[in-house]
Structure formats: structure tokens, C-alpha cells
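Structure record follows, encoded as C-alpha cells.
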Amino acid sequence: QVRIVESGGGSVQAGGSLRLSCTASGVTFSDYYMGWFRQAPGNKREVVSCIGYRAWNPYYADSVKDRFTISRGSAKNTLDLQMDNLKSQDTAVYYCALADSHGADLYCGQLATEYTEWGQGTQVTVAS
């Protein structure tokens with residue numbers, strides 16, 4: 001059974017930084033992509049950033065490009081999201097997720113429906 005645990009959420013002033021981390025255990029896929037999503041009240045869950053199994057060429061949503069940095073650990077089961085210059089519109093619950101790459105180790109999904117395993121979420125609140 002896959003278990004994903006996120007940490008690092010909290011409250012910060014606009015312009016500040018936070019670092020989110022997640023660790024996956026019990027993964028039986030031989031290769032898998034991982035991503036960070038977020039969901040604000042009343043909104044759909046949206047991709048923030050994702051990265052393939054080889055951890056090359058990550059994807060960033062336009063709204064976070066040049067402010068957020070995703071990184072994947074060498075053991076492949078950890079995922080971090082460094083969030084700088086945070087804005088009030090970044091306030092949301094952030095989720096770490098993963099899915100089987102089926103051999104496409106440069107690919108990462110940009111839709112929530114592509115992911116099969118999810119963490120419980122961590123709240124990020126940015127005060128303006």
C-alpha cells in the first residue's frame with residue numbers, strides 16, 4: 001500500500017518562502033512520476049509542478065514559474081517544492097501525488113486525473 005506524507009506547510013507573509021517535502025513509501029512501480037498540486041476553497045485541484053522519474057525537465061504552471069523549484073531525491077521517493085516570493089493567491093492545500101510512468105521516465109502528468117496515489121495535503125497560507 002502506497003503512503004505519501006507531506007510536510008512543510010504553514011503561514012507566511014507575502015514575499016516569504018516555504019519548502020514543502022513529501023516522502024512516498026510502499027511504491028511497487030518500477031518507475032513513476034511525481035507532482036505537486038494545490039486546491040483552494042471553491043477551486044479545482046490544479047497542478048503546480050511535476051517531474052518525471054529521471055528528474056529532468058520539470059513542468060511548472062505559469063503562475064509559479066520562476067518562483068517555485070521542484071526537486072526529486074536520488075532515491076526517487078522524495079519530492080520537495082521550494083516556494084519563494086509567495087503571493088496571497090498561492091494560499092491553498094498542497095498535495096503530493098505520484099503515478100506509474102509505464103516506462104516513460106521523462107514524462108510527468110499535468111492533470112490530477114493522471115495520478116493514482118495522493119498524500120493527505122498540507123496547508124499553505126500566505127498573508128498579504
Side-chain angles (χ1 to χ4, degrees):
Q1 182 177 351
V2 176
R3 185 172 183 232
I4 299 174
V5 179
E6 301 112 333
S7 62
S11 298
V12 66
Q13 291 291 114
S17 298
L18 285 173
R19 187 176 184 89
L20 304 182
S21 297
C22 84
T23 300
S25 58
V27 181
T28 59
F29 308 136
S30 58
D31 49 79
Y32 51 96
Y33 52 84
M34 299 183 76
W36 285 100
F37 286 75
R38 66 187 181 187
Q39 187 167 18
N43 290 359
K44 294 191 303 183
R45 193 168 295 189
E46 61 177 9
V47 66
V48 174
S49 179
C50 68
I51 192 165
Y53 190 72
R54 286 204 188 180
W56 293 352
N57 195 29
Y59 168 83
Y60 295 96
D62 287 343
S63 58
V64 306
K65 208 170 286 185
D66 300 324
R67 299 189 298 122
F68 290 9
T69 303
I70 194 171
S71 58
R72 189 164 180 176
S74 58
K76 303 298 185 185
N77 69 326
T78 60
L79 190 70
D80 289 344
L81 185 70
Q82 177 65 39
M83 304 186 295
D84 297 318
N85 190 22
L86 282 159
K87 303 177 180 180
S88 58
Q89 51 262 49
D90 295 319
T91 295
V93 177
Y94 283 70
Y95 297 90
C96 178
L98 64 88
D100 193 339
S101 295
H102 297 289
D105 54 10
L106 297 180
Y107 176 80
C108 67
Q110 297 170 25
L111 300 175
T113 52
E114 296 182 79
Y115 290 77
T116 57
E117 314 295 336
W118 292 85
Q120 79 287 353
T122 186
Q123 177 70 45
V124 171
T125 302
V126 184
S128 56

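Starting from 1, each residue takes its place in the sequence as its number.
- Listed by chain and residue number, Leu18, Leu86, Val126 satisfy the side-chain contact (heavy atoms from CB on, under 4.5 Å) test with Val12 (two or more places apart in sequence, or in another chain).
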Which donor-acceptor pairs under 3.5 Å do the side chains of residues 21-28 make with protein atoms, sequence neighbours left out?
residue : atom : partner : partner atom : Å
Ser21   : OG   : Asp80   : OD1          : 2.9

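- Judged by the 6.0 Å and 45° rule, Lys76 forms no cation-pi pair with Tyr32.
- Alongside Trp56, the hydrophobic cluster contains Leu106 (criterion: ILVMFWY side chains under 4.5 Å).
- For the pair Arg38/Trp36, no side-chain contact is recorded, criterion being any heavy-atom separation below 4.5 Å from C-beta on.
- Checked by atom type and distance alone, the side chain of Glu6 pairs as donor or acceptor with a backbone atom of Gln120 at under 3.5 Å.
- By the side-chain hydrogen bond (donor to acceptor under 3.5 Å, both in side chains) test, Ser88 is found to be paired with no residue, residues two or more places apart in sequence or in another chain being considered.
- Taking the charged nitrogens against the carboxylate oxygens, Lys65 and Asp62 do have a contact shorter than 4.0 Å, which makes a salt bridge.
- Atom CZ of residue Arg45 and atom OG1 of residue Thr113 lie 11.5 Å apart, to the nearest 0.5 angstrom.
- Atom CG in Leu98 sits 8.0 Å away from atom CZ in Arg72 (nearest 0.5 Å).
- Ser17 pairs with exactly one of Arg67, Met83, Gln82 by the side chain to side chain contact (heavy atoms under 4.5 Å, CB included) rule, that one being Gln82.
- Listed by first and then second residue, the disulfide bond (SG atoms under 2.5 Å apart) pairs involving residues 27-94 are Cys50-Cys108 (not counting sequence neighbours).
- Distance alone, capped at 3.5 Å, is enough to place a donor-acceptor pair between the Tyr60 side chain and the Ile70 backbone.
- Listed by first and then second residue, the ring-ring contact (aromatic ring centres under 6.0 Å, His included) pairs involving residues 78-109 are Tyr33-Tyr107 (not counting sequence neighbours).
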